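Okay, structure first, notes after.
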Amino acid sequence: MSLEKMKDLCLEGKYLQPETKEVNGILMTKIMSDNWDKIWNFQAKPDDLLIATYAKAGTTWTQEIVDMIQNDGDVQKCQRANTFDRQPFIEWTLPPPSPSGLDRANKMPSPRTLKTHLPVQMLPPSFWKENSKIIYVARNAKDSLVSYYHFSRMNKMVPDPGTWEEYVETFKAGKVLWGSWYDHVKGWWDAKDQHRILYLFYEDMKEDPKREIQKIVKFLEKDTPEEVLDKIIYHTSFDIMKQNPMANYTTLPTSIMDHSISPFMRKGMPGDWKNHFTVAQNEEFDKDYQKKMAGSTLTFRTEI
Ligand SMILES: Nc1ncnc2c1ncn2[C@@H]1O[C@H](COP(=O)(O)OS(=O)(=O)O)[C@@H](OP(=O)(O)O)[C@H]1O
């Protein structure tokens, strides 16, 4: 869709306060839920690479790393288009005539790299059948919540978060787009040993980008020389990506994403939750967390 068309739709109010609807207990925008049959029947291919995350886990960062690896560190090539044009977001649906993520993916020549926020049980089954490779990135709950809260304030295509206090409860209850953080990270964790899934953590990527990028290189079966690796680390660092219009979502009109409310590339640090949670909120959150994560071997770091 052209930016002009997007602006028109915004002026018509079509992007303001999107209606939502649950599909199998997972909250989606209504327009996404209307498209659900097509999404579920999406035809994946064996050479597809899927980047799967809960929202705000470091998707865009991973997308840029993958694109840089696939293009042997060629920065110019990676600036050929916006993140969302380079790597279609399969379930994302906009009002016609805007192409949906599916339209974009179906038009794209192989090998394709795709993005999804779908919980594991909602992934179109063709991905399992075709044995496509999947990179899953997880981020600790508190920083995910903070990032999602600010994103929901600045992005008119997702529901308004309400106050901070309200949002903490909404997030804990999983009543946000793509459902419960807890179920999402646990569901994909349980699937990881049965499929070709590389399960990464945002905090590890931040702590040692080289080590984590090397894991991706190996998973993609690429042979990336040391100097290219260094270039990738630099180009995908938070400060450089924040300045990159092809990766920072600033090419969208402010009527869709208003970076003056909160930039898409906001802090890019583990531990920012400490600037948001009160002591009482934190204690309450931890208690609830223990219950929801009980029995899982999955653990997170909330600071590095
Ligand atoms: N290069 C790099 N390094 C470190 N952190 C980065 C990087 N790029 C993006 N980010 C941070 O990731 C958060 C956005 O997450 P997503 O890309 O998953 O968002 S989305 O779900 O696709 O909308 C958002 O996190 P917060 O800053 O905490 O809000 C981004 O700032």
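Treat the numbers as computed from the prediction; the structure is a model and nothing was measured. No hydrogens, no waters, no symmetry mates; every other heavy atom, side chains included, goes into these values. Order of appearance sets the numbers: ligands from 1, and atoms from 1 within every ligand.
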Study note, to complete from the structure: Residue set satisfying ring pair (Phe, Tyr, Trp, His ring centres under 6.0 Å) with His150, at least two apart, ordered chain then number -> His276
Review point. So with a 6.0 Å cut-off around NZ of Lys292, is the heavy-atom count from everything else above 12?
Key: yes
Check your understanding: Does atom NZ of Lys45 have more than 12 heavy-atom neighbours, drawn from other residues, nucleotides or ligands, at distances under 6.0 Å?
Key -> yes
Study note, to complete from the structure: Sorted by chain and residue number, the residues having a heavy atom closer than 4.0 Å to an atom of ligand 1 are Ala55, Lys56, Ala57, Gly58, Thr59, Thr60, Trp61, Lys115, His117, Arg139, Ser147, Phe151, Tyr202, Lys206, Thr236, Ser237, Phe238, Met241, Phe264, Met265, Arg266, Lys267, Gly268
Exercise for review: Say whether Thr53 and Thr59, considering side chains only, have a donor N or O and an acceptor N or O under 3.5 Å apart.
Suggested key: yes
Check your understanding: Any luck finding a side-chain donor-acceptor pair between Asn41 and Asp37 under 3.5 Å?
Key -> no
Check your understanding: If you group Ile, Leu, Val, Met, Phe, Trp and Tyr by side-chain heavy-atom gaps below 4.5 Å, do Phe151 and Phe238 land in one group?
Key -> yes
